[in-house]
Number of protein chains: 2
Amino acid sequence: MPATPPTSPVSAFDRPGPRQHGVYDALRAAVLSGDMRPGEGISETRVAARFGVSRTPVREAFRRLADEGLLRIVPQVGTFVAPIQLSAVADSQFIRETLECRTVRLAAERAGEADVAALAGLMDRQRAAMASARHDDFFALDEALHAELIRIAGRPAVWDLLVTVKAQLDRVRVLSLHSEGWATMILTQHERIVDRVAARDVAGAEDAMREHLRTVFAAVDDIAQANSHFFEK
Amino acid sequence: MPATPPTSPVSAFDRPGPRQHGVYDALRAAVLSGDMRPGEGISETRVAARFGVSRTPVREAFRRLADEGLLRIVPQVGTFVAPIQLSAVADSQFIRETLECRTVRLAAERAGEADVAALAGLMDRQRAAMASARHDDFFALDEALHAELIRIAGRPAVWDLLVTVKAQLDRVRVLSLHSEGWATMILTQHERIVDRVAARDVAGAEDAMREHLRTVFAAVDDIAQANSHFFEK
DNA sequence: CATGACACACTAGTATACAAGTGTGCAAGA
DNA sequence: TCTTGCACACTTGTATACTAGTGTGTCATG
């Protein structure tokens with residue numbers, strides 16, 4: 001169980017403001033967004049100079065990112081943005097699907113009035129974000145919905161784990177072209193999930209969640225074909 | 001997805017042997033075995049002197065262990081062996097049960113003749129270990145059986161993840177008194193799991209696994225009562 | 001022109017030095 | 001005796017210096 005999720009709410013209260021966190025967050029975002037491409041080499045020295053800090057905090061950020069499978073450190077040679085391994089993406093999908101399908105069942109069992117209202121609020125905001133084409137907001141609200149469902153299930157630690165596990169999936173997602181129809185489909189699937197949870201339909205909620213997650217995953221092979229130079233194996 | 005499995009098989013002397021790995025392995029074993037007790041303070045300087053290395057590799061080991069929830073680093077104050085949090089133990093149990101119940105279903109679906117033979121071999125060795133009261137061997141074979149089932153399911157990465165997630169559970173287990181009857185019960189449950197997998201009984205295998213995992217977990221509250229000073233919350 | 005040897009720049013791993021902050025214990029005063 | 005305040009030792013965080021090893025580009029040679 002990772003004690004420090006990549007985005008830790010508690011870390012803001014940490015005594016000073018550890019410089020390493022800023023470096024870690026920036027590099028992680030750069031890798032996940034594709035700003036830094038798979039295979040690209042980075043060096044502790046250059047990153048340190050760029051952030052105006054010494055090698056030490058950069059090094060700690062590198063190690064954490066390597067542990068998450070986002071960087072590959074080759075001793076005495078260099079550090080590189082890890083290629084996207086299809087096997088790792090499939091493993092991420094498997095773990096996410098397994099955990100979220102179970103937690104959404106629990107959410108359907110446990111959801112109270114306030115929980116259903118919170119879900120409805122998130123859906124309203126999603127519709128608004130899509131209507132005004134704020135894709136970043138829509139993405140953030142997508143994450144928030146999944147996190148909220150897991151919170152309702154009473155297992156917030158599962159989301160903390162998934163944030164790390166999902167990283168490999170997220171790397172693929174940013175490569176996909178977000179067509180208008182795609183966002184509409186995601187929204188519809190979210191609506192169905194929330195609808196089944198609100199109806200306390202345990203089996204229906206699980207089915208809706210599985211279909212949703214698999215739809216997203218189904219595009220992986222196509223994306224890998226179109227971006228084969230970023231992938232390995 | 002952790003790229004580096006927490007317990008490297010024989011990382012003692014491979015190549016110029018990164019010193020941090022040795023420190024990490026030793027400290028992790030000390031925390032999980034209870035040699036270092038929850039709440040106990042350790043310092044980078046002392047550990048560095050003890051291992052004959054500088055603070056740098058020790059510091060990296062500390063950070064990884066803190067990420068796993070085994071150490072708690074308080075800036076400018078000190079580093080302490082993390083107390084055992086019942087909530088974290090319950091989360092570990094939940095995640096393990098969710099993932100292993102699904103993988104054992106897959107194992108029952110996919111197991112071939114060679115796989116069944118491998119499982120039978122592990123069971124023979126477990127019976128032998130119990131007969132001669134080699135508890136350490138029995139423990140290692142317990143781990144090996146679960147890992148093998150996940151391998152048969154075709155998801156070895158899931159085991160890599162569970163090795164980390166399980167840590168909080170393992171800390172509790174070493175506190176329990178291993179009575180003779182207990183080992184027998186574990187063995188019987190293992191036999192039932194393997195039997196159901198060999199029979200390709202998907203639902204039966206899942207039931208057997210769930211019962212097995214919950215039996216182990218059922219003792220947690222009693223253990224927490226008897227060792228309340230090691231626990232938090 | 002092709003090829004091979006070698007110097008060099010660059011990498012991460014490790015050691016050490018310095019900075020900022022915390023808790024404790026002792027001493028001084030009431 | 002009790003309280004208060006301060007000095008000090010010790011902690012982790014950060015910066016810098018040094019080590020060992022690798023890849024590459026260049027220059028000399030056939």
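Below, chain A is the first sequence line, B the second, and so on; all start at residue 1. These values consider heavy atoms only, across backbone and side chains, with no hydrogens, waters or symmetry-generated copies.
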Tabulate protein N/O versus nucleotide N/O from nucleotides 8-11 of chain D, keeping only pairs under 3.5 Å, one per line.
from	atom 1	to	atom 2	distance (Å)
D/dT11	OP1	B/S43	OG	3.4
D/dT11	OP1	B/R46	NH1	3.0

TODO: Return the nearest nucleotide to the side chain of A/I73; candidates are C/dT16, C/dA12, D/dT14.
DONE: C/dA12
Open item on the list: Rounding to an integer number of Å, can you tell me how far A/F51 CZ sits from D/dA15 C1'?
Closed with: 17 Å
Task: A/E232 bridged to A/R72 by N-O distance under 4.0 Å - done: yes
- [ ] Would you mind reporting whether A/M36 and A/L71 have side-chain heavy atoms less than 4.5 Å apart?
- [x] no
Open item on the list: On the nucleotide C/dA15, are OP1 or OP2 found under 4.0 Å from the side-chain N or O atoms that B/S54 carries?
Closed with: yes
Open item on the list: Between B/R63 and B/E60, does any NZ, NE, NH1 or NH2 come within less than 4.0 Å of an OD or OE carboxylate oxygen?
Closed with: no
- [ ] Would you indicate which nucleotide in D/dG13, C/dA12, C/dA15 comes nearest to any side-chain atom of B/V53?
- [x] C/dA15
Task: B/V89 side chain reached by B/R171 side chain, heavy atoms, under 4.5 Å - done: no
Open item on the list: Output the rounded distance in Å from CZ (B/R55) to P (D/dA17).
Closed with: 18 Å
TODO: Would you kindly give the CD-to-C1' distance between A/E60 and C/dA12, to the nearest whole Å?
DONE: 15 Å
Task: B/R110 side chain to B/I152 backbone, donor-acceptor under 3.5 Å - done: yes
TODO: Let me know the distance between NE2 of A/H21 and C1' of D/dT14, rounded to the nearest Å.
DONE: 14 Å
Open item on the list: Taking only side-chain N and O atoms of B/R59, does any of them lie within less than 4.0 angstrom of OP1 or OP2 on D/dG13?
Closed with: yes
TODO: Ignoring hydrogens and angles, tell me if any N or O in the side chain of A/S92 forms a donor-acceptor pair with the backbone of A/V165 under 3.5 Å.
DONE: yes
